[in-house]
Amino acid sequence: MATDEEKARLQQQETLEQLTNKQLSTTDMLTVYYSSEEESNHNRGIYCALIPNSKVKTITDNHKWDFLHGSGHPGDISYYENGKEISKYCRYGDDNGIEPFIIDRDFNEIYPSHQEINEEFRLYHNLYHDTKTNKYLKINDSDDTEIVAIAEENKISIRLQEIREFLTAKKMHLSIQFDYREFSLLSLEELKLPPETREEKRNKLYCYNLYIAEQNDSDYYKSFGLLYGKKLIK
């Protein structure tokens with residue numbers, strides 16, 4: 001096991017470089033959903049939300065997710081105003097203006113659970129779902145077929161061009177929420193790292209919390225690194 005590589009992995013160096021420095025191209029396939037819970041030495045997750053432009057200034061005030069797994073389903077909310085109960089139907093289960101981009105579907109293990117791409121996005125771009133390949137296709141002005149989205153068992157990728165067109169039309173930003181956990185067989189002392197590291201950073205388009213510490217509740221791993229936060233796509 002290369003100590004320098006293991007140290008860099010725990011410090012989330014590659015992920016932080018992508019988060020803070022990578023310039024995106026409109027042809028890039030952007031990961032909007034990801035889950036690797038079954039991997040041995042890491043647990044990584046990405047989940048997205050649509051943020052109204054009016055809320056962007058406060059979204060990066062803290063690194064906590066604004067939209068959680070299982071949210072975004074239609075429902076009723078009730079509240080009292082001047083002593084009178086008021087009931088309201090909400091398309092996405094809340095009236096805070098934040099909308100789902102990927103929706104979790106769960107059927108109590110009677111049918112397989114899966115993730116769905118926002119219906120409005122699919123209709124806006126008139127995407128055809130090829131169920132054999134699980135790809136979403138768009139017919140361009142020359143009648144050629146272009147791949148806009150790819151849905152895999154634990155990952156969904158969508159082309160940035162169509163995402164930005166959709167965001168512009170809706171006057172919204174896309175919040176890419178991430179939770180990356182790396183586990184190591186080496187202790188922090190062996191990696192020549194401090195007993196504990198806490199780092200918080202934010203700017204107008206991203207915020208994150210990096211925490212590195214000993215893994216005290218495991219008989220196998222000795223240390224871990226947690227990167228938690230979100231990045232906004234204009």
Side-chain angles (χ1 to χ4, degrees), residues 30-35 37 45-129 134 136 138 148-149 151 154-179 200 202-209 228-234:
L30 195 66
T31 301
V32 295
Y33 169 80
Y34 185 63
S35 174
E37 295 179 355
I46 292 176
Y47 199 54
C48 288
L50 295 165
I51 310 295
N53 289 347
S54 60
K55 289 183 175 289
V56 165
K57 288 184 179 179
T58 60
I59 286 298
T60 55
D61 284 348
N62 67 77
H63 61 272
K64 295 180 180 179
W65 286 16
D66 303 288
F67 201 84
L68 302 177
H69 284 284
S71 304
H73 296 266
D76 299 307
I77 62 172
S78 299
Y79 58 93
Y80 283 87
E81 189 173 285
N82 298 323
K84 182 180 179 181
E85 184 178 11
I86 298 176
S87 296
K88 183 178 180 181
Y89 173 80
C90 294
R91 179 179 179 182
Y92 300 113
D94 206 330
D95 60 353
N96 61 9
I98 298 176
E99 301 178 10
F101 194 56
I102 301 298
I103 301 173
D104 291 327
R105 303 299 310 279
D106 181 78
F107 306 97
N108 296 330
E109 299 184 352
I110 297 175
Y111 299 104
S113 60
H114 63 276
Q115 283 68 40
E116 288 184 6
I117 300 172
N118 181 293
E119 180 185 44
E120 188 178 6
F121 175 84
R122 291 184 280 118
L123 293 176
Y124 181 81
H125 290 294
N126 192 31
L127 300 182
Y128 172 76
H129 184 200
N134 227 2
Y136 292 81
K138 181 179 182 179
V148 171
N154 66 336
K155 180 180 179 181
I156 297 176
S157 304
I158 300 179
R159 193 163 67 175
L160 182 59
Q161 176 180 327
E162 280 70 27
I163 291 176
R164 282 194 163 146
E165 290 171 358
F166 185 62
L167 295 175
T168 300
K170 286 179 68 65
K171 296 181 172 57
M172 296 184 112
H173 281 56
L174 181 68
S175 176
I176 303 177
Q177 307 171 134
F178 50 86
D179 183 335
E200 290 190 33
R202 62 175 54 85
N203 66 15
K204 293 181 180 179
L205 290 178
Y206 69 80
C207 62
Y208 68 81
N209 182 301
Y228 187 85
K230 52 203 170 185
K231 176 179 180 178
L232 294 175
I233 302 295
K234 296 191 290 185

*asked:* Go through it in stages, so that I can follow the logic: the residues are T60 and L232, the test is side chain to side chain contact (heavy atoms under 4.5 Å, CB included), and I'd like the CA-CA distance, side-chain angles, deciding distance and then a yes or no.
replied: CA-CA 9 Å; T60 55; L232 294 175; 4.0 Å; yes
*asked:* Keeping N134 on the side-chain end and A151 on the backbone end, is there a donor-acceptor pair under 3.5 Å?
replied: yes
*Do you know which two heavy atoms are closest between Y124 and A169, and how far apart they sit?*
OH-CB, 3.5 Å
*OH/Y33 to CD1/I156 distance, rounded to the nearest 0.5 angstrom?*
7.5 Å
*In chain order, what residues pass the side-chain contact (heavy atoms from CB on, under 4.5 Å) check against S54, with sequence neighbours excluded?*
P52
*Which residues satisfy the ring-ring contact (aromatic ring centres under 6.0 Å, His included) test with F101, sequence neighbours excluded?*
F121
*asked:* Using 0.5 Å steps for rounding, measure from the NZ atom of K231 to the CG atom of L30.
replied: 8.0 Å
*Considering residues at least two apart in sequence or located in another chain, which fulfil the salt bridge (charged side-chain N to carboxylate O under 4.0 Å, His left out) criterion with R202?*
E200
*Is there a donor-acceptor pair closer than 3.5 Å between any side-chain N or O of N108 and the backbone N or O of I110?*
no
*Please name all residues satisfying ring-ring contact (aromatic ring centres under 6.0 Å, His included) with Y136, sequence neighbours left out, ordered by chain then number.*
H129
*asked:* Nearest 0.5 angstrom please: M172 CE to K55 NZ, how far?
replied: 9.5 Å
*Sequence neighbours left out, what pairs pass salt bridge (Lys or Arg N to Asp or Glu O under 4.0 Å) with at least one residue falling in residues 65-87?*
D66-K230
*Does OH belonging to Y89 count more than 12 external heavy atoms closer than 6.0 Å?*
yes
*asked:* Taking salt bridge (charged side-chain N to carboxylate O under 4.0 Å, His left out) as the definition, give me every residue that meets it alongside R122, ordered by chain and number, with sequence neighbours left out.
replied: none
*For N203, which residues count as a side-chain contact (heavy atoms from CB on, under 4.5 Å) partner, sequence neighbours excluded?*
L205, Y206
_Set of residues satisfying side-chain contact (heavy atoms from CB on, under 4.5 Å) with respect to F107, sequence neighbours excluded_ = R105, Y111, H114
*Is K234 reaching over with its side chain to a backbone N or O of R164, donor-acceptor style, under 3.5 angstrom?*
no
*asked:* Run the side chain to side chain contact (heavy atoms under 4.5 Å, CB included) test on I103 and I117 for me, step by step, so that the C-alpha distance in whole Å, both residues' side-chain angles and the decisive distance to 0.1 Å come before the verdict.
replied: CA-CA 7 Å; I103 301 173; I117 300 172; over 6 Å; no
*Please assess I46 against I176 for the test side chain to side chain contact (heavy atoms under 4.5 Å, CB included), listing each intermediate value before the final yes or no.*
CA-CA 7 Å; I46 292 176; I176 303 177; 3.7 Å; yes
*Under the side chain to side chain contact (heavy atoms under 4.5 Å, CB included) criterion, do I163 and I158 qualify, and how do the steps go?*
CA-CA 7 Å; I163 291 176; I158 300 179; 3.7 Å; yes
*For E162, what residues pass the side-chain hydrogen bond (donor to acceptor under 3.5 Å, both in side chains) criterion, not counting sequence neighbours?*
K138, R159
*In Å and rounded to the nearest 0.5 Å, what is the SG to CZ distance from C48 to F67?*
10.5 Å
*asked:* Is it the case that the ring center of Y92 lies less than 6.0 angstrom away from the ring center of H73?
replied: no
*Kindly write out the residues that satisfy side-chain contact (heavy atoms from CB on, under 4.5 Å) with R91, not counting sequence neighbours, or none if the list is empty.*
E120
*Quick one: list whatever passes salt bridge (charged side-chain N to carboxylate O under 4.0 Å, His left out) with D95, sequence neighbours left out.*
K88
_Out of the candidates I59, N53, I233, only one should pair with H173 under the side chain to side chain contact (heavy atoms under 4.5 Å, CB included) rule; please name it._
N53
_Contact between F178 and Y208 at the side-chain level, heavy atoms closer than 4.5 Å - yes or no?_
yes
_Point-to-point distance, once rounded to the nearest 0.5 Å, from CD1 of I77 to CG of N96_ = 9.0 Å
*Interatomic spacing from CG in D106 to CD in Q115 - rounded to 0.5 Å*: 9.5 Å
*Got a sec, which residues hit side-chain hydrogen bond (donor to acceptor under 3.5 Å, both in side chains) with D179, two or more places apart in sequence or on another chain?*
R181
*Would you call the rings of Y228 and W65 parallel, tilted or perpendicular if under 30° counts as parallel and over 60° as perpendicular?*
parallel
